[in-house]
Engineer: 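Mind looking over this structure? Questions follow.
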Amino acid sequence: MGCVIERMSRLRAKVKEWEPSMKNSGKRMTWVTLLCEKWELDGMAKLNEVDEEQEAAVFEGLRKHFLIDNVPSVENILSRKAL
């Protein structure tokens with residue numbers, strides 16, 4: 001469980017890098033919350049199967065979805081094509 005929390009906190013920090021403006025903090029929080037709800041614990045735990053090199057690709061894929069205000073499925077992000 002601790003690894004899941006650590007990985008998701010890294011994602012939250014990345015989202016803040018993508019949209020650093022304080023006026024958009026609600027957008028950031030909403031998107032991360034929706035992602036967590038959609039992926040549930042099992043989906044978030046799948047991030048632990050990703051190595052550091054793949055993590056960059058995962059975060060880039062998530063960034064693209066964040067920028068268009070879309071919450072992707074975990075399968076979409078962790079598919080072999082995405083990595």
Side-chain angles (χ1 to χ4, degrees):
M1 179 67 111
C3 293
V4 173
I5 293 168
E6 181 180 325
R7 198 59 75 109
M8 292 308 290
S9 68
R10 286 204 304 253
L11 172 60
R12 192 182 66 72
K14 281 289 184 190
V15 172
K16 191 172 183 178
E17 287 177 22
W18 305 334
E19 188 64 66
S21 174
M22 191 60 172
K23 70 178 183 165
N24 292 322
S25 64
K27 176 186 175 184
R28 292 191 311 260
M29 288 178 60
T30 298
W31 189 83
V32 171
T33 299
L34 291 172
L35 183 83
C36 290
E37 289 173 352
K38 185 171 188 171
W39 285 21
E40 299 182 329
L41 188 55
D42 289 340
M44 290 184 280
K46 290 180 181 180
L47 288 176
N48 291 329
E49 300 168 9
V50 174
D51 64 30
E52 288 189 30
E53 185 177 303
Q54 293 171 324
E55 183 182 75
V58 166
F59 285 164
E60 178 57 23
L62 287 167
R63 184 186 71 81
K64 290 176 182 177
H65 285 274
F66 173 78
L67 293 175
I68 60 170
D69 201 24
N70 176 267
V71 178
S73 68
V74 68
E75 294 81 14
N76 178 290
I77 292 299
L78 297 180
S79 71
R80 288 290 170 209
K81 285 185 199 175
L83 300 176

Engineer: To check you understand the geometry: which heavy-atom pair defines the closest contact between Leu47 and Val58, and what is its length?
Structural biologist: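 Looking at all heavy atoms of both residues, the closest pair is CD2-CG1, 3.9 Å.
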
Engineer: Please lay out, stage by stage, how Val74 and Glu40 fare under the test side-chain contact (heavy atoms from CB on, under 4.5 Å).
Structural biologist: CA-CA 9 Å; Val74 68; Glu40 299 182 329; over 6 Å; no

Engineer: Give the C-alpha distance, both sets of side-chain angles, the deciding distance and a yes or no for salt bridge (charged side-chain N to carboxylate O under 4.0 Å, His left out) between Glu49 and Lys46.
Structural biologist: CA-CA 5 Å; Glu49 300 168 9; Lys46 290 180 181 180; over 6 Å; no

Engineer: So which heavy atom on Arg28 is nearest to which on Ser21, and how close?
Structural biologist: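 Minimum heavy-atom contact is NH1-O, 3.0 Å.
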
Engineer: Using the rule given for side-chain contact (heavy atoms from CB on, under 4.5 Å), can you reason through Glu53 versus Asp51, listing the C-alpha separation, both sets of side-chain angles and the distance that settles it, and then say yes or no?
Structural biologist: CA-CA 6 Å; Glu53 185 177 303; Asp51 64 30; 3.5 Å; yes

Engineer: Are Met22 and Val15 linked, directly or through intermediate hydrophobic residues, by side-chain heavy-atom contacts shorter than 4.5 Å (ILVMFWY only)?
Structural biologist: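 No; Met22 is not reachable from Val15 via cluster members.
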
Engineer: Applying ring pair (Phe, Tyr, Trp, His ring centres under 6.0 Å), can you list everything that pairs with Phe66, at least two apart in sequence or on another chain?
Structural biologist: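 With sequence neighbours excluded, Phe66 shows a ring pair (Phe, Tyr, Trp, His ring centres under 6.0 Å) to Trp18, Trp31, given in chain and number order.
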
Engineer: To the nearest 0.5 Å, what is the distance between CE on Met8 and CG on Asn48?
Structural biologist: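 So the CE of Met8 and the CG of Asn48 are separated by 10.5 Å.
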
Engineer: If you count heavy atoms of other groups shown closer than 6.0 angstrom to NZ of Lys64, is the number above 12?
Structural biologist: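 No, not enclosed.
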
Engineer: Hydrophobic cluster membership, with links at side-chain heavy-atom distances under 4.5 Å among I/L/V/M/F/W/Y: are Ile5 and Met29 in one?
Structural biologist: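 Different hydrophobic clusters.
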
Engineer: State whether the number of non-hydrogen atoms from other residues, nucleotides or ligands found under 6.0 Å of Lys27 atom NZ is greater than 12.
Structural biologist: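 Buried by this count: over 12 neighbours within 6.0 Å.
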
Engineer: Carefully, step by step, assess Ile77 and His65 under the rule side-chain contact (heavy atoms from CB on, under 4.5 Å).
Structural biologist: CA-CA 10 Å; Ile77 292 299; His65 285 274; 3.8 Å; yes

Engineer: Applying salt bridge (charged side-chain N to carboxylate O under 4.0 Å, His left out) as the test, list every pair that has at least one member in residues 3-15; sequence neighbours left out.
Structural biologist: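 As it turns out, the salt bridge (charged side-chain N to carboxylate O under 4.0 Å, His left out) pairs with a partner in residues 3-15, which skip direct neighbours, are Glu6-Arg10, Arg7-Glu55, Arg10-Glu55, Lys14-Glu17.
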
Engineer: Give, for atom CG of Leu35 and atom OG1 of Thr30, the distance between the pair rounded to the nearest 0.5 Å.
Structural biologist: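 Output value for this atom pair is 12.5 Å.
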
Engineer: Just by distance, do the side chain of Trp39 and the backbone of Pro72 share a donor-acceptor pair under 3.5 Å?
Structural biologist: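 Yes, the answer is positive, given that a donor and an acceptor are paired below the 3.5 Å cut-off.
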
